[in-house]
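The next block holds one structure in the form of structure tokens; read it before the comments.
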Amino acid sequence: MIDLLLGLQWGDEGKGKIVDVLANDYDIVARFQGGPNAGHTLIFDGNKHVLHTIPSGIFHKNAINIVGNGVVIDPVIFKNELDNLSPYNIDFKSKLLISRKAHVILPTHRILDAASEKMKGKEKIGSTLKGIGPTYMDKTGRNGFRIGDLDFENWKEKYASLTQKHLKMIDFYGVDITFDLETLEAEFFEAIDVLKSLTFIDSEEYINDAMSKGKTILAEGAQGSLLDIDFGTYPFVTSSNTTAAGACTGLGVAPNKIGEVFGIFKAYTTRVGSGPFPTELFDEDGKTMAKVGHEFGATTGRPRRCGWLDLVALKYAVQINGVTQLMMMKGDVLSGFKTLKVCTSYNYKGNEIKHFPYNIEEENTSVNYTDIKGWQEDLTQLTTSEQLPKNLNDYVSFVEDFVGVPVKIVSVGPDRRQTIEV
Ligand code: GDP
Ligand code: IMO
Ligand code: MG
């Protein structure tokens, strides 16, 4: 069986932390979509690690980590990640396997991303500028460059012809953008050599074989459901399916092989980049969340926008993913608020609605809140569910009743150990 761990909001829910916590119980941890737009933070033994492409099970000796076919890989960022992990003496050749069908982010994909954003001006997506959109465009446009291509002698020709096409497209955008392709290519080719020293596999075969032998697999989502290319706040989304179905196509597993679907959410909401965010706060409360929660992007360092928990959006995400268990993160950040608010319906084009509508815009959507009493206690030293404050338990019960799924983990700090089973 394969269990999935998925972000239910706009990303950065704390997926990296929880995958690291759960990885001990799994034989394999696999990423299935996204790429280095992700920044997954792990903290243990006083050290902090941010992973972008490498699955968050990498620190567990017994787990095999797989970068699945649905992922897009930037060799340069991948090499940096490997370099950062060098003190850990991990045997990457046997512990980190890469799907031949994963697509490669070329230097010109990143430039195209920047050119596209520049052309959009104020309407920009707020992309991480990692080349995600253009790489998935080449994938669905059937022009992509895949990891498996590196096994063929003519891969440099394929690379060159795709790059030539990109250069024409960059010209077409007609925006002022400067880049030094020679330097970018030099680091790219160097990184490709490192990548080629790893093990490439037919990951769908490997994973299905492992499942038939009773091995346990955890699929690690990137981004969040509200950034899903189909179900997110389009066009302010990423370019992959971040929801449960993405794990099937991104790893080659059948839907009936899915076991638990862990849905992870922050006790409040954050978003980086542009796009609608109905519960966004611009007042002191929002600033407190940002400050206490250290809400800065793990990939880009940009400040994250903050707001109250949106239960309408959460219920939508739970439904689309078939979530079986919830995990509530960053409860500690809300300590000290006298009253907490949760969004329980929207006013949309003059009507009260309880579902996530087609196009949320400031002009057509406002939110209705329910007040819940806050908790004042510091949670960060707590270790058992019995110690959790009553008001936090009431908050959790309210969420469970609203979305219809139990909360099984409450996280009270960024460290691996600050994780409470409830
Ligand atoms: P991911 O992309 O979903 O893996 O999440 P990120 O790593 O981008 O962002 C989550 C941030 O919150 C990181 O800085 C984590 O170290 C931190 N974090 C995770 N869980 C908790 C928690 O329960 N409390 C606090 N205070 N921080 C947390
Ligand atoms: P993790 O896995 C938060 C956002 C970007 C932008 C939009 C499109 O760490 O949760 P892209 O570079 O994908 O074209 O950007 O999606 N975004 C994320 N926001 N967490 C992420 O990943 C994100 N990956 C992309 O900010 O708004
Ligand atoms: Mg992140």
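Keep in mind it's a predicted model, so treat the numbers as computed, not measured. Just follow the structure's listing: the first ligand is 1, and inside any ligand the first atom is 1.
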What protein heavy atom sits nearest atom 11 (C) of ligand 1, and how far off is it?
Lys330 NZ, 3.7 Å
Any chance you could measure Phe265, atom CZ, to Lys330, atom NZ, to the nearest 0.5 Å?
14.0 Å
Salt bridge Lys287-Glu284, side-chain N to carboxylate O under 4.0 Å
yes
For atom 14 (O) of ligand 1, closest protein heavy-atom neighbour
Thr41 OG1, 4.0 Å
Below 3.5 Å, N or O to N or O, backbone or side chain included: is there any such pair between Gly11 and ligand 1?
no
Answer yes or no: does an N/O atom from Glu13 fall short of 3.5 Å to an N/O atom of ligand 2?
no
Quick test: of every protein heavy atom, which one is nearest to atom 10 (C) of ligand 1, and how far off is it to 0.1 Å?
Asp12 O, 3.6 Å
Considering both backbone and side-chain atoms of Arg302, is one of its nitrogen or oxygen atoms within less than 3.5 Å of a nitrogen or oxygen in ligand 2?
yes
Within-cut-off N or O pair, His40 and ligand 2, under 3.5 Å:
yes
Check each heavy atom of Val237 against ligand 2 and say whether those closer than 4.0 Å belong to the side chain, the backbone, both or neither.
backbone
Per atom 6 (C) of ligand 2, closest listed option by heavy atom (Gly275, Gly126, Gly224)
Gly126
Please check whether Met329 reaches ligand 1 - meaning an N/O of the residue sits under 3.5 Å from an N/O of the ligand, judged on distance alone.
no
The number of protein N, O or S atoms lying under 2.8 Å from the Mg ion (ligand 3) is 2
One finds that the ligand 2 atoms under 4.0 Å from a non-hydrogen atom of Leu227 are 4 (C), 16 (O), 17 (N), 18 (C), 19 (N)
Examine ligand 1 and decide if any of its atoms is less than 4.0 Å from a heavy atom belonging to Gly39.
yes
In this structure, NZ of Lys373 is separated from CG of Asp394 (nearest 0.5 Å) by 8.5 Å
Over all atoms of both residues, closest heavy-atom pair of Ala115 and Ile177:
N-CD1, 3.6 Å
Quick check for you: to the nearest 0.5 Å, what is the distance between Leu22 atom CG and Glu220 atom CD?
10.5 Å
Test of understanding: with side chain to side chain donor-acceptor pair (under 3.5 Å), list the residues that count as partners of Thr216, not counting sequence neighbours.
Asp27
Given Thr128, Thr270, Val50, which one has a non-hydrogen atom that is nearest to atom 12 (O) of ligand 2?
Thr128
